[in-house]
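Below is one structure, written out as structure tokens, with a few remarks after it.
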Amino acid sequence: MAGLEEQIKELEDELQRTTYNKATSKHIGRVKAKIAKLKDEAVTRAMRAGGGGEGYSVKKSGDATVVLVGFPSTGKSTLLNALTGTKSEVAAYAFTTLTVVPGALEHKGAKIQILDIPGLIAGAAMGKGRGKEVIGVVRGADMIVILVDVFNANHVEVLMKELYDAGIRINRPRPDITIKKTAYGGVRMNHVGILDLDIEEVRSILSENKMMNADVLIRGNATQDDIIDAVLGSRMYIPAFVAVNKVDLVDDAARKAIEEDIFERFGSKPLLISAHTGYHMEEVKDEIYDRLGFMRVYLKPQSEAADLEEPLIIRSGSTVEDVCRKLHREFVDRFRYARVWGHSVKHPGQRVGLPHRLKEGDLLTIIIEH
Ligand SMILES: Nc1nc2c(ncn2[C@@H]2O[C@H](COP(=O)(O)OP(=O)(O)O)[C@@H](O)[C@H]2O)c(=O)[nH]1
Ligand SMILES: [Mg+2]
């Protein structure tokens, strides 16, 4: 049997030769499902073989973890140093950073862990270079900063493909697709809203994955790729933005051209920065903070006034349980209930449980067993 990579290449070529229409849509769905399965297998193999060598099992800390992803020598270490004051080795040659270097950024009250990882290079997801271990770290991140330099704006596309192949989906919500295997009855499909897929396309993707009987529920629109993702699972949906480094080396006209080029490739404008001179470093911090989405809640000890001076900074959408974990493990184990004042409740001082979702500016009192 041909190697995984050759098999994938063959199928991708076939896909390229086939135009999408009603007659070919089923076939295309099946080929795409095959490719996705092979890629998954390649990634899993690579990760197993890699075994997560030394320096790759980074302990998460802080309120969120951000990774810097980019080719060697684009300035990741320099940026990490500029943002956090960490001493990550900077060098004028490729492959300096062979282990993951963590740094801590404190911004607007949030503690954000930033990871400088070995340069992602073409084929990383398939286990080339040090890519295989790197992918695991990226998949675990809360946000990705895609870093390129002024001379290599086209790297954005290569990096996007690497991330895609590693099961990472950028800047999009997880499609709302539920697939429940059933014992008989074939594939049945229900959907809410407009759907540009027909059941035969879904059937061929499912059958490629040996699912002959299933109930499929789709809310909102979905593509063949979304169905494949739902079938294979383990996809990570992570926010990201592009930063273009070393803008100190080019003039205004060149900066504009790069900005437009990346807008076309990526769909949104990049941040133009210079980690070396410090240009736009505050903007990078703000962008990270805003995209991660934080909110403030205030703690009110039982029968005392709330501490309105020092809010607790937590990710948007956090629950009472998240707050408890942040305060102390014991708070979860010994939790009885909480009272909440603010936008997340109907009545002031409403009693809620651990799964209750908080909103910006909420006040809460946690009652634990003594
Ligand atoms: N001119 C200029 N050089 C930079 C900038 N950022 C990094 N460099 C240089 O680019 C080289 C590679 O940087 P480094 O941080 O080691 O890249 P990494 O491999 O991505 O970690 C070093 O010589 C840095 O001094 C920048 O903003 N402007
Ligand atoms: Mg480096």
Side-chain angles (χ1 to χ4, degrees), residues 50 53-58 65-105 112-125 128-138 141 143-163 166 168 240-259 261-262 266 269-288:
E54 206 186 324
Y56 289 94
S57 49
V58 185
T65 299
V66 175
V67 292
L68 308 178
V69 165
F71 276 68
S73 296
T74 47
K76 296 179 299 299
S77 301
T78 309
L79 180 60
L80 179 80
N81 295 347
L83 293 174
T84 69
T86 312
K87 279 278 146 270
S88 184
E89 200 181 332
V90 174
Y93 49 89
F95 302 107
T96 322
T97 316
L98 284 178
T99 50
V100 176
V101 181
L105 163 67
I112 299 163
Q113 180 183 48
I114 302 187
L115 302 178
D116 173 17
I117 57 178
L120 207 67
I121 49 169
K128 279 190 192 139
R130 313 282 302 204
K132 53 210 174 196
E133 296 104 327
V134 168
I135 291 298
V137 176
V138 182
M143 200 178 74
I144 298 168
V145 177
I146 297 173
L147 191 70
V148 297
D149 67 28
V150 282
F151 309 112
N152 298 289
N154 62 324
H155 281 171
V156 169
E157 225 162 273
V158 184
L159 293 167
M160 296 281 291
K161 183 168 185 315
E162 285 301 311
L163 295 171
I168 296 164
F241 69 88
V242 176
V244 181
N245 193 30
K246 307 191 189 180
V247 296
D248 55 293
L249 297 179
V250 296
D251 63 12
D252 270 348
R255 290 183 191 190
K256 259 220 132 44
I258 292 163
E259 200 171 54
D261 181 53
I262 288 185
F266 190 67
K269 278 192 179 176
L271 266 180
L272 301 182
I273 65 171
S274 169
H276 191 64
T277 66
Y279 175 70
H280 274 175
M281 285 303 105
E282 282 310 300
E283 282 73 2
V284 173
K285 293 178 190 174
D286 286 344
E287 192 75 18
I288 289 173

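Order of listing sets the numbers, starting from 1, for every ligand and every atom in it. Heads up: numbering here begins at 1 and tracks the sequence.
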Please work out whether any backbone atom (N, CA, C, O) or any side-chain heavy atom from C-beta onward of [X] is under 4.0 Å from ligand 1, and answer side chain, backbone, both or neither.
| X | result |
| --- | --- |
| N245 | side chain |
| L249 | side chain |
| S274 | both |

Practice item. Look only at the side chain of K76 and the backbone of G70, and say whether a donor-acceptor pair between them is shorter than 3.5 Å. Key: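 A pair under 3.5 Å: yes.
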Review point. N/O of A275 under 3.5 Å from N/O of ligand 1, yes or no?
Key: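 N/O-N/O distance below 3.5 Å exists for this pair.
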Point to revise | N or O pair under 3.5 Å between T277 and ligand 1 | key: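 Between T277 and ligand 1 (N or O atoms, distance only) the closest approach is not under 3.5 Å.
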Can you tell me how far apart [atom1] ([X]) and [atom2] ([Y]) are? Round to the nearest 0.5 Å.
| X | Y | atom1 | atom2 | answer |
| --- | --- | --- | --- | --- |
| I112 | T84 | CD1 | OG1 | 11.5 Å |
| L249 | S274 | CG | OG | 7.5 Å |
| I273 | D248 | CD1 | CG | 10.0 Å |

Mark up the atoms of ligand 1 that fall under 4.0 Å of a heavy atom belonging to [X], in ascending order.
| X | result |
| --- | --- |
| T74 | 17 (O), 20 (O) |
| D248 | 1 (N), 2 (C), 26 (C), 27 (O), 28 (N) |
| P72 | 19 (O) |

**Study point:** Any residue meeting salt bridge (Lys or Arg N to Asp or Glu O under 4.0 Å) with D286, in chain and number order, not counting sequence neighbours
**Key:**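 Result, salt bridge (Lys or Arg N to Asp or Glu O under 4.0 Å) vs D286: K108.
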Practice item. Answer yes or no as to whether an N/O/S atom of S73 is found below 2.8 Å from the Mg ion (ligand 2). Key: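 No - counting backbone and side chain alike, S73 has no N, O or S atom under 2.8 Å.
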**Study point:** Verdict with supporting geometry, V145 and I114, side-chain contact (heavy atoms from CB on, under 4.5 Å)
**Key:** CA-CA 10 Å; V145 177; I114 302 187; over 6 Å; no
Practice item. Determine whether the side chains of N245 and T74 contain a donor N or O and an acceptor N or O closer than 3.5 Å. Key: no
Review point. When you measure from atom 17 (O) of ligand 1 to each heavy atom in A82, G278, G75, which option holds the nearest one?
Key: G75
Check your understanding: Hey, does G70 sit under 4.0 Å from ligand 1 if you only count heavy atoms?
Key ->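 In this structure, G70 fails to qualify as a contact of ligand 1 - no heavy atom is under 4.0 Å.
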Revision key, fill the gap. Smallest heavy-atom separation, V244 atom then P270 atom, equals CG2-CB, 3.8 Å
